[in-house]
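What follows is a single structure, written as structure tokens, with notes after it.
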Number of protein chains: 2
Amino acid sequence: MLTKEQLIEYSEDARKNYLDHISIDCVVFGFHEGQMKVLLLKPQDEEKWLLPGGFVMKAEPIEMAANRILEERTGLDKIFLQQFHIFGDPDRAKFHHDLYKDTVPDQQNWFAKRFLSIGYYALVDFFGVVPQADQFSELCTWRDLDDMPGLLLDHELIFKTALDTLRLQLNYQPIGYNLMPREFTMPELQKLYETILDKKLDRRNFQRRILGFGILNRAEQPRKGGAHKAPYLYSFDLDKYQNALTEGFKGGW
Amino acid sequence: MLTKEQLIEYSEDARKNYLDHISIDCVVFGFHEGQMKVLLLKPQDEEKWLLPGGFVMKAEPIEMAANRILEERTGLDKIFLQQFHIFGDPDRAKFHHDLYKDTVPDQQNWFAKRFLSIGYYALVDFFGVVPQADQFSELCTWRDLDDMPGLLLDHELIFKTALDTLRLQLNYQPIGYNLMPREFTMPELQKLYETILDKKLDRRNFQRRILGFGILNRAEQPRKGGAHKAPYLYSFDLDKYQNALTEGFKGGW
DNA sequence: AACAATGGTGTATAAAGTACACAATTGTAA
DNA sequence: TTACAATTGTGTACTTTATACACCATTGTT
């Protein structure tokens, strides 16, 4: 929790630089060891957590704002971002207002405003991220999708909406380039799909379908060294992948 | 075009009642005589047209704002609305700013601000709508989808995005309840789909697919009186329709 | 050498999508 | 009255896609 003075200083700064009433919240997905991860912040002196978020500078395109905000949290630039919804309930963000309402007048508290929040989801390379807390938080870290803590404000809703959108996208767009390492095996990619969809897929049918999309290149050499049969390594054909992103697939899972 | 005084008065009013920096633009689709229609406004002294739009009151949920704005333009209440994107380019709405920049100082011109616009599309009953121009416009009327005039600002982009979204929704959601009269024939419904998708569909396969969704009731009596064979009349089963809206279909066209 | 675990490939079957044919009804023209 | 065009209802063969399941190959372990 900020001191009264810190809050007022932050507020003055924000009033100068940021658009009123607009915030951005991001659901950052990563994938590691067969687990879907979400980047979360733990505010100081709070039980519940928050999605990484921020504000839009007065002359900044919103997509650029989302990128800037996530670069601060992850160290990554040029993140794959997808705007998915705007959350505009008048009471969605009374939290910071209530927190300080007795000590700081609303005029001086940037957070006392009503905020509409633009929801972005991001797909990022787990290993590329160096989580970095912001000034309100004591912790910024990955959390497993099936071990999510409670979230403040309406961030549960934002998260859930992002996940639903991602699942829908899976039906008509390729997913994975931003989440997988450069080279990966078919079972690894399948695990990603299974994690996002939260259900088992048939190994053989998955392989046929994915290969049918025609966006993968198979490496000459299989991966050696592990136990069991050596699996082939695949990588995304970026040209065809980008094309599939724009054109879209048919059908559903 | 407003006079200087009108603009200043409007601006004072708006500053009091509306959220800064946020606007709403709506793409209202109707269907009549086998043609897809969009509700457009023709501003005074302008060649190009605009989508109906407005602002969000300080304590008003955004969905309610969209509803209020459209009620003013159409006379309809409880409109089927779908938020589909937020348009946030910093330069997207410099139009009204430029128009008055020499006569009204930015401080007094509500339109001189930067606006992020929330895009909603609406599906409405063509006959239920009584188009009503706003104070900036000389005309509010339906335009054919294939006879669209030029649009101001980024409204071409907003319109196009809405149409793309609608086409996508067609793949996994029922469409039609809000666009068709209570009773309609299968060829009439097919025409709606063909118009939205802008392509011919096979009559027999369309019928099978639509009936397969299980959201239609067939009336006892076919429609009499027309030339040619009397077609059956169908209506949507609202319960099943609503359920399909939530649950969604599979596959694509 | 047998075995468990994993991965690659194939095949039979079911479901869905596509293409097309034919019969029924109704108004119009000959 | 009859032939015809236009429109609608229904069926059927074919193709493509989805699903379920079987078999073999490779590698480390026992």
Side-chain angles (χ1 to χ4, degrees), chain A residues 33-34 167 170-174 176 180-181 183-195 197 199-235 244 247-253, chain B residues 33-34 167 170-174 176 180-181 183-195 197 199-235 244 247-253:
Chain A
E33 288 183 344
R167 281 178 181 155
L170 226 54
N171 291 330
Y172 52 87
Q173 281 196 350
M180 302 296 287
E183 290 198 309
F184 50 88
T185 67
M186 198 56 78
E188 285 165 359
L189 183 61
Q190 180 179 343
K191 195 82 179 83
L192 171 65
Y193 274 75
E194 290 181 338
T195 311
L197 294 169
K199 69 175 175 188
K200 286 276 166 211
L201 301 172
D202 183 277
R203 191 166 63 84
R204 294 144 287 189
N205 297 335
F206 175 81
Q207 170 138 338
R208 185 178 7 211
R209 169 115 67 137
I210 288 284
L211 290 178
F213 293 160
I215 54 171
L216 291 182
N217 293 324
R218 189 163 89 173
E220 301 273 323
Q221 298 299 323
R223 169 179 296 169
K224 307 274 186 172
H228 322 300
K229 179 168 184 176
Y232 284 106
L233 286 169
Y234 293 88
S235 56
E247 297 296 317
F249 299 144
K250 283 252 175 139
W253 286 99
Chain B
E33 290 184 342
R167 281 179 181 154
L170 227 52
N171 291 330
Y172 52 88
Q173 281 195 350
M180 301 296 288
E183 290 197 310
F184 49 88
T185 66
M186 197 55 79
E188 285 165 0
L189 184 61
Q190 180 179 341
K191 193 84 180 84
L192 171 65
Y193 274 75
E194 290 182 337
T195 310
L197 293 169
K199 70 175 173 187
K200 287 275 165 211
L201 300 172
D202 183 279
R203 193 165 61 85
R204 295 144 286 190
N205 297 335
F206 175 81
Q207 168 138 339
R208 182 173 11 193
R209 171 115 67 137
I210 288 284
L211 289 178
F213 292 160
I215 54 171
L216 291 182
N217 293 323
R218 189 164 90 173
E220 300 272 323
Q221 297 301 324
R223 168 179 297 168
K224 306 274 187 172
H228 321 301
K229 179 168 184 175
Y232 284 106
L233 287 170
Y234 293 88
S235 56
E247 298 295 317
F249 300 143
K250 284 251 176 138
W253 289 97

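Residue numbers begin at 1 in each chain, while the letters A, B, ... track the order of the sequences.
In this structure, the CZ atom of B/Phe213 is 11 Å from the P atom of C/dA16, given to the nearest Å. Put simply, CZ on B/Arg209 is 17 Å from P on D/dT16, counting in whole angstrom units. What separates CG of A/Leu201 from P of D/dA18 is a distance of 13 Å, to the nearest Å. In this structure, CD of B/Gln190 is placed 13 Å from P of D/dT7, rounded to the nearest angstrom. Taking atom CG on B/Asn171 and atom P on C/dG17, their separation rounds to 11 Å, with Å as the unit. A straight line from CG of A/Asp202 to C1' of C/dT11 spans 13 Å, rounded to a whole angstrom. With rounding to whole Å, B/Phe184 atom CZ is found 20 Å from D/dT7 atom P. Put simply, NZ on A/Lys229 is 19 Å from P on D/dT29, counting in whole angstrom units.
Both A/His228 and A/Arg204 lie close to DNA chain D; mapped to their nearest nucleotides by heavy-atom distance, the more 5′-ward contact belongs to A/Arg204. Across the interface with DNA chain C, nearest-nucleotide mapping of A/Arg208 and A/Tyr232 shows A/Tyr232 to be the residue nearer the 5′ end.
Between A/Tyr172 and B/Tyr172, the angle of the ring planes stays under 30°, which puts this pair in the parallel group of the 30/60° scheme.
Using a 4.5 Å heavy-atom cutoff, the side chains of B/Tyr193 and B/Ile210 are in contact. For the pair A/Leu216/A/Leu189, a side-chain contact is recorded, criterion being any heavy-atom separation below 4.5 Å from C-beta on.
In this model, the phosphate group of C/dT9 is approached by a side-chain N or O of A/Gln207 to a distance below 4.0 Å at OP1 or OP2.
Checked by distance alone, A/Arg203 brings no side-chain donor or acceptor within 3.5 Å of a matching partner on the base of C/dT6.
When the nucleotides D/dA20, C/dT26, C/dG7 are ranked by their closest atom to the side chain of A/Asn205, D/dA20 comes out on top.
Here CE of B/Met186 is found 14.0 Å from CZ of B/Arg204. Values are rounded to the nearest 0.5 Å.
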